[in-house]
Amino acid sequence: MSPPKRKRGGQGPADKKAKKVKIVADGGEAPSKSEQEKKNEFTIPAPVSMGKWTNKERVLIFSSRGINFRTRHLMQDLRNIMPHSKADTKMDRKDKLFVVNEVCEIKNCNKCLFFEAKKKQDLYMWISNTPHGPSAKFLVQNIHTLAELKMTGNCLKGSRPLLSFDPKFDKEPQYALLKELFIQTFSTPQYHPKSQPFVDHIFTFTIADNRIWFRNYQIIEEDASLVEIGPRFVLNLIKIFQGSFGGPTLYENPYFQSPNMHRREMRLAAAAKVREKQMVKEMQKMKRTQAKEEVGKDVTADVFLTPAEEKPVYIETEAPEPKVMKKNKHKAFKRQRMQKARSNGSV
């Protein structure tokens, strides 16, 4: 009889299990079991390629219509650094958000990153645990993708990341909920078919200025230092809902300011500056006119004025005699005199 065939990879089903190995000194026979022998025993784990994929977390990353090129590149970067993610076509704006749960069910995904664009300039991101929730809505700010950063760091595609969280995530309940949501969404499941058995980069979530800052760093093997890879963005929390893309509100951020209100305040501040400049110009004009009037008046002009002697008033009752004008002889012009002199000389 021919020996039983083995599966592809050269290992049979018995080889998938972990093995126990004993260490025996001087190559002698293994004595009876004792405490010392139990200490020398250690277990060799199963090969990574033959491990069992138990955590079936899948993340659907897609967006609504109307996003710009930077958002599209950000989604592509997230799909590259998350091997357990899936893509889908853009969703129409007219569709309600509850449709996303059906899309996730069709794609066999239990987590979702949905980017929603409004007014072609504001970007909102939903992180949801479909189909039962919870879900969180964020305003995405300060987006920098891999193409525009040009960072020196690099990591293996499909490798599993480490997740690093700020200590503030454990102090407040809303951040504790977000921490668990981030762990289940961004961490790559062990033995995932598209993942690599290496850990060479780290995702950091830091809380500063009431916002969550996301960074991606490479771990250098030589000195375990960190070099940023990208992408990077900032999440401004708006609300946390009990359900998936809706439901009762669990938390609402009191420090959140909508982009419309922020732009309105910027316009009001700019208008106030213009009005202030106009007021300054008017005040300067008034000061100039007042200065000119004061310079026109000479305060010391009356010092040198002396009163004149008063003369008696004389009233003439008769008309004055007319003055006799002496008639002067007509004198010829110089040219005429010259001509007369020449004529007399010639005669």
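Numbers here simply count residues along the sequence, with the first being 1.
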Query raised in the report: If you take all heavy atoms of N260 and R263, which pair is closest and at what distance?
Result: OD1-NH2, 2.7 Å
Report task. Could you pull out the closest heavy-atom pair between P134 and F241, with the gap in Å? Result -> CB-O, 3.3 Å
Query - Any donor-acceptor pair under 3.5 Å from H84 side chain to T185 backbone - result: yes
Query - Exercise: do S244 and S128 side chains pair donor with acceptor under 3.5 Å - result: yes
Query raised in the report: Got Q218 and M151 here, is their nearest side-chain heavy-atom distance under 4.5 Å?
Result: no
Report summary line: d(I127 CD1, L113 CG) to nearest 0.5 Å is 5.5 Å
**Report entry** Aromatic contact, F98 with F245 (centres under 6.0 Å)
**Finding:** no
Query raised in the report: Atom NZ of K137 and atom CG of L139: how far apart are they, to the nearest 0.5 Å?
Result: 9.0 Å
Report task. Walk me through it: do E265 and Q257 pass the test side-chain contact (heavy atoms from CB on, under 4.5 Å)? Result -> CA-CA 11 Å; E265 290 184 356; Q257 186 183 33; 2.9 Å; yes
Query raised in the report: Side-chain heavy atoms under 4.5 angstrom apart, residues restricted to Ile, Leu, Val, Met, Phe, Trp, Tyr: same cluster for I81 and L163?
Result: yes
Query raised in the report: Aromatic rings F203 and F214: how do their planes relate, parallel, tilted or perpendicular, breaks at 30° and 60°?
Result: tilted
Requested in this report: Give a yes or no on whether E276 atom CD has more than 12 heavy-atom contacts from other residues, nucleotides or ligands under 6.0 Å away.
Outcome: no
Query raised in the report: Are V234 and I212 grouped together when hydrophobic residues (ILVMFWY) are joined by side-chain heavy atoms under 4.5 angstrom apart?
Result: no
Query raised in the report: Looking at L237, N236, N210, which one forms a side chain to side chain contact (heavy atoms under 4.5 Å, CB included) with Y255?
Result: N210
Report task. Would you name the heavy atoms of R58 and C109 that are closest together and state the gap between them? Result -> O-CB, 3.6 Å
Requested in this report: Answer whether the closest heavy-atom distance between the side chains of N216 and R232 falls below 4.5 Å.
Outcome: no
Query raised in the report: Does R65 offer a backbone N or O that forms a donor-acceptor pair with the side chain of R93 under 3.5 Å?
Result: yes
Requested in this report: For residues Y124 and V140, report the shortest heavy-atom separation together with the two atoms involved.
Outcome: C-CG2, 4.4 Å
**Report entry** Neighbour count >12 (heavy atoms, 6.0 Å) for atom NZ, K194
**Finding:** no
Query raised in the report: Looking at side-chain heavy atoms only, is the closest gap between S343 and Q339 below 4.5 Å?
Result: no
**Report entry** Atom of T89, atom of F62 and distance for their closest heavy-atom approach
**Finding:** O-CD1, 3.5 Å
Requested in this report: Would you give the length of the straight line joining atom NZ of K340 to atom CZ of R337, rounded to the nearest 0.5 angstrom?
Outcome: 9.5 Å
Query - Nearest-0.5 Å distance that lies between atom OG1 in T71 and atom NZ in K120 - result: 13.0 Å
Requested in this report: Answer yes if L74 and V59 sit in the same cluster of Ile, Leu, Val, Met, Phe, Trp and Tyr residues linked by side chain heavy atoms under 4.5 Å apart, and no otherwise.
Outcome: yes
Report task. Could you go through the side-chain contact (heavy atoms from CB on, under 4.5 Å) check for L78 and S85 one step at a time? Result -> CA-CA 8 Å; L78 290 177; S85 63; over 6 Å; no
Query raised in the report: Taking C-beta and beyond as the side chain, do L177 and L250 meet within less than 4.5 Å on heavy atoms?
Result: yes
Query raised in the report: Do any N or O atoms from the side chain of R215 and from the backbone of E228 form a donor-acceptor pair under 3.5 angstrom?
Result: no
Query - From CA spacing to verdict: side-chain contact (heavy atoms from CB on, under 4.5 Å), M75, I67 - result: CA-CA 11 Å; M75 285 197 305; I67 62 173; 3.8 Å; yes
Query raised in the report: Under 3.5 Å, side chain of W213 to main-chain N/O of A208, donor-acceptor pair present?
Result: yes
Report task. Give a yes or no on whether the backbone of T188 and the side-chain of R160 come within a donor-acceptor separation of less than 3.5 Å. Result -> yes
Query raised in the report: Is the closest side-chain donor-acceptor distance between N253 and K239 under 3.5 Å?
Result: no
Report task. Is it possible for you to say whether V227 and L156 belong to one hydrophobic cluster, with membership spreading through side-chain heavy-atom contacts below 4.5 Å? Result -> no
Query raised in the report: In terms of side-chain geometry, is the basic nitrogen of D209 or R211 positioned less than 4.0 Å from the acidic oxygen of its partner?
Result: yes
Report task. Answer yes or no: is there a side-chain heavy-atom contact under 4.5 Å between F186 and M82? Result -> yes
Query raised in the report: For R264, does the CZ atom have more than 12 heavy-atom neighbours from other residues, nucleotides or ligands under 6.0 Å away?
Result: no
**Report entry** Side-chain heavy-atom pair N110, K56 within 4.5 angstrom cut-off
**Finding:** no
Requested in this report: Look only at the side chain of K179 and the backbone of F165, and say whether a donor-acceptor pair between them is shorter than 3.5 Å.
Outcome: no
Query raised in the report: Would you say E221 has more than 12 foreign heavy atoms packed within less than 6.0 Å of its CD?
Result: no
Requested in this report: Answer yes or no: are there more than 12 heavy-atom neighbours, outside E105 itself, under 6.0 Å from its atom CD?
Outcome: no
Query raised in the report: Going by atom types only, do S225 and D223 share a side-chain donor-acceptor pair under 3.5 Å?
Result: yes
Query raised in the report: At their closest point, which heavy atom of I229 faces which heavy atom of G153, and how far apart are they?
Result: CG1-C, 3.8 Å
Query raised in the report: Can you tell me how far the CG atom of D122 sits from the CD atom of E116, to the nearest 0.5 Å?
Result: 10.5 Å
Report task. Indicate whether the side chain of E180 and that of Q184 have a donor and an acceptor atom separated by less than 3.5 Å. Result -> yes
Query - Donor-acceptor under 3.5 Å (S195 side chain, Y191 main chain) - result: no
**Report entry** Pairwise side-chain contact, T130 with F114, heavy-atom cut-off 4.5 Å (strictly under)
**Finding:** no
Query - Sidechain-backbone polar pair: D77 side chain, T145 backbone, donor-acceptor under 3.5 Å - result: no
Query raised in the report: According to a 4.5 Å side-chain heavy-atom criterion applied to Ile, Leu, Val, Met, Phe, Trp and Tyr, with indirect links allowed, do I240 and F115 form part of one hydrophobic cluster?
Result: yes
Query - Side-chain touch P193/W53, heavy atoms, less than 4.5 angstrom - result: yes
Requested in this report: Could you tell me whether the side chain of S135 and the main chain of G243 form a donor-acceptor pair under 3.5 Å?
Outcome: yes
Report task. May I ask you to decide if the ring planes of F205 and F182 are parallel, tilted or perpendicular, using 30° and 60° as cut-offs? Result -> parallel
Report task. Hey, could you give me the CG/CD1 distance between L123 and I143, rounded to the nearest 0.5 Å? Result -> 4.5 Å
